[in-house]
Enquirer: 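Quick one: the structure is below, and I'll ask about it shortly.
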There are 2 protein chains.
Amino acid sequence: MSPRPKIALDKNTIMLAAAELANENGSEYVTLAMLAKKLNIKPPSLYNHFDGLPGIKRELAIYSLEKLYNSLAKEAQGKSQGDEAIMALSQAYLTFARKNPGLYDFALSAPDPADEFVHDAGRKIVGLVISAIQPFGLKEEEAIHAVRGLRSLMHGFTSLEQKGGFGMPLDLDESYQLAVEAFIKGLKK
Amino acid sequence: MSPRPKIALDKNTIMLAAAELANENGSEYVTLAMLAKKLNIKPPSLYNHFDGLPGIKRELAIYSLEKLYNSLAKEAQGKSQGDEAIMALSQAYLTFARKNPGLYDFALSAPDPADEFVHDAGRKIVGLVISAIQPFGLKEEEAIHAVRGLRSLMHGFTSLEQKGGFGMPLDLDESYQLAVEAFIKGLKK
DNA sequence: TTGCTAAAACTAATGTCATTAGTTAATATA
DNA sequence: TATATTAACTAATGACATTAGTTTTAGCAA
C-alpha cells in the first residue's frame, strides 16, 4: 500500500490488534514488528500513532484497566453490598484475567506505575471494592487495608495461576473461592 | 584477556553477578550483553557455561527459589506451628522480596513453569507452609486450598508493592500483616 | 617431560528488534 | 484550486541474542 491510504488506521484499531496479539500469543508478543505485520504496515508507521513501544504498552495498560473496571462494575451491578458483591467482584476479576491473559499482564505492569492516567484507571477499581465492603463498617484506614488485602489475594491467585504456579491436581476455582471467603470472614469483627 | 585465562569463571560466579544485576537494576537488565560486561568477557563466552539467556533465567529461577526457601526455613525454625509460624513465614517472604526485588521476579517467572527442577524448588516452599498450618487440623484438600490462598496473598501483595500498585499513603507493613491475620482467622472453623 | 584433549576465552557474521531521519502521495482544509 | 497535514513508506543505525569457527592454555595421560 502506498502512502496515505483511503482508510487510515486509527488508535482503536491498533489497540484491538495489540490486545488480540497479547491474548492469543502472550504479552511478550506485543512488539512493533509483530503488530505491524498484523496490521499490514511497516513498523515505523506505528510512530505516527503512538510514542513507540513504551507508548503502546502504556495505553494498553489503561485500556486493560478500563476493560477490567467495566467487567467488574457490570458484575457488581445489582448485587447487594457485602459478601455477595465481593464474591461477584472477585469472580469477575478472575474471569477477566482468564479471558484476557495477555491483556491482564499490561494492566499491572505499566512502564511507569506512577503515570497519572494509569493511576486513575486503577483508582476506579479500588472504588468498587471500597463500596462493596461498606457493610462491614470498617473505619477508613481499615477499609484501605482490607482493599489492599483483597487486591493482593485476587492478583496473586490470578498471577500464580497464569504462570502455572499451582502444581496439585485440585480444583482451582474452589481454592479461589475458599480463599476469598476466608479473607472476608477474617475481616469481620 | 586472552583465551583460557588462569582463573576461569564458574557457574556460581556468574549466578551471583546475574543476581546482583537483577537486584540493583531490575530483572530486565539481565541480558547477555550486560552480564558479559559486568564479568569482563564477551557475550558469546557465556555460552560455555549456560544454555543461552533462557538457560540463565531458568537457573536464576531455581537459585532464587532456593534462596527464598532458605530464608523461610530459617525464619520458621524454632517458631511453634500455627499462627506464630505463619506470621514468621509471611514476614520472611516479604522481606526476601524486598531485599531481592530483581531476583524475586525470576522465582516466579521461569521460562517453562513445568520445568522439573523449578517445580521441585517450589514444592519445598509449599511444604513449609503446609507444616505451619498443621495445628488448624485441616483435611488434606483443605490444607492445599489454604496454602494456595496464603501463597496468593503473599505473592500478590509483594508483586503489587513492587510495581508501585498501592497508591495511598498508608503503612504497607500494617496492611500486609492485617491481611495475613485476617486470612488465618478466616481459615479457622 | 611431552604431547594431547578439552575448556574457555575470542572474532566475525547473521538476524531480529526498536528507533530516527527523511521522503512521498493523498486527504483535508483554507 | 492551492496548500498543509497526515500516514504511509524506505533507508540507516545501534542494541541485542545467537551460531560458527578460531585460539590459547590448563590439566591429564603416556
Side-chain angles (χ1 to χ4, degrees), chain A residues 1-22 24-63 102 105-106 109-112 115, chain B residues 1-61 63 102 105-106 109-112 115:
Chain A
M1 198 133 329
S2 296
R4 206 67 218 264
K6 287 169 205 163
I7 305 166
L9 287 171
D10 68 324
K11 253 183 172 163
N12 208 264
T13 307
I14 300 177
M15 290 315 286
L16 289 176
E20 208 177 298
L21 213 45
E24 289 177 4
N25 305 95
S27 58
E28 73 279 8
Y29 275 71
V30 177
T31 64
L32 295 188
M34 283 285 186
L35 193 48
K37 178 175 282 186
K38 192 178 178 76
L39 294 166
N40 289 310
I41 58 174
K42 303 294 174 184
S45 304
L46 287 166
Y47 285 79
N48 289 317
H49 305 278
F50 290 94
D51 199 8
L53 189 55
I56 290 184
K57 290 186 171 175
R58 177 181 166 275
E59 302 229 24
L60 220 35
I62 297 170
Y63 176 70
D105 277 353
F106 289 103
S109 62
D112 177 13
D115 183 291
Chain B
M1 196 125 343
S2 295
R4 206 68 220 264
K6 286 169 202 160
I7 304 167
L9 287 171
D10 68 325
K11 253 183 173 162
N12 209 265
T13 306
I14 300 177
M15 290 315 285
L16 289 176
E20 209 176 299
L21 213 44
N23 285 333
E24 290 176 5
N25 304 95
S27 58
E28 72 280 10
Y29 276 70
V30 177
T31 64
L32 295 188
M34 282 285 185
L35 193 49
K37 179 175 281 186
K38 192 179 176 75
L39 294 166
N40 289 311
I41 58 175
K42 303 293 173 184
S45 303
L46 287 166
Y47 285 79
N48 289 317
H49 304 279
F50 290 92
D51 200 7
L53 189 57
I56 289 184
K57 290 184 171 177
R58 177 180 166 275
E59 302 229 24
L60 220 35
Y63 175 71
D105 276 353
F106 288 103
S109 63
D112 176 13
D115 182 291

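Numbered from 1 within each chain, the chains take letters A, B, ... in sequence-line order. Note that the structure is predicted; figures quoted are calculated from it, not measured.
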Enquirer: Above 12 or not: heavy atoms from other molecules or residues under 6.0 Å from CG of B:Asp51?
Expert: no
Enquirer: For B:Thr31, which contact category applies under a 4.0 Å heavy-atom criterion: base, sugar-phosphate, or nothing?
Expert: sugar-phosphate
Enquirer: Check the distance between C:dA9's P and B:Leu35's CG and give it to me in whole angstrom.
Expert: 12 Å
Enquirer: Who are the side chain to side chain donor-acceptor pair (under 3.5 Å) partners of B:Ser45, not counting sequence neighbours?
Expert: none
Enquirer: Which pair of heavy atoms, one from A:Met15 and one from A:Tyr63, lies closest together, and at what distance?
Expert: CE-CB, 3.8 Å
Enquirer: Would you mind reporting whether B:Lys11 and B:Phe50 have side-chain heavy atoms less than 4.5 Å apart?
Expert: yes
Enquirer: Between A:Leu46 (CG) and C:dC17 (C1'), how many Å, whole number?
Expert: 13 Å
Enquirer: Side-chain N or O of A:Ser45 less than 4.0 angstrom from OP1 or OP2 on D:dC9?
Expert: yes
Enquirer: Nearest to the side chain of B:Leu53 - D:dA7, D:dT18, C:dT19?
Expert: D:dT18
Enquirer: Can you tell me how far P of C:dA8 sits from CZ of B:Phe50, to the nearest Å?
Expert: 12 Å
Enquirer: Could you give the CE-to-P distance, from A:Met34 to C:dC17, as a whole number of Å?
Expert: 6 Å
Enquirer: Check the distance between C:dA8's C1' and B:Lys11's NZ and give it to me in whole angstrom.
Expert: 14 Å
Enquirer: Has B:His49 got a side-chain N or O lying under 4.0 Å from the OP1 or OP2 atom of C:dA9?
Expert: yes
Enquirer: Would you say B:Leu9 and B:Asn48 make side-chain contact, with heavy atoms under 4.5 Å?
Expert: no
Enquirer: Between C:dA21, D:dA17, C:dC10, which nucleotide has the shortest distance from any of its atoms to the side chain of A:Pro44?
Expert: C:dA21
Enquirer: Rounded to the nearest angstrom, tell me the gap between atom CD1 in A:Ile41 and atom P in D:dT6.
Expert: 17 Å
Enquirer: Counting side-chain heavy atoms from CB outward, which of C:dA9, C:dA18, D:dA7 is closest to A:Leu32?
Expert: C:dA18
Enquirer: Considering only side-chain heavy atoms of A:Tyr47, which listed nucleotide, C:dA18, C:dA8, C:dA21, is closest?
Expert: C:dA18
Enquirer: Round to a whole Å and report the spacing from CD of A:Glu28 to P of C:dT16.
Expert: 18 Å
Enquirer: Given C:dA8, C:dT20, C:dC10, identify the nucleotide with an atom nearest to the side chain of B:Asn48.
Expert: C:dA8
Enquirer: Whole angstroms only, please: what is the NZ-P distance between B:Lys42 and D:dA15?
Expert: 13 Å
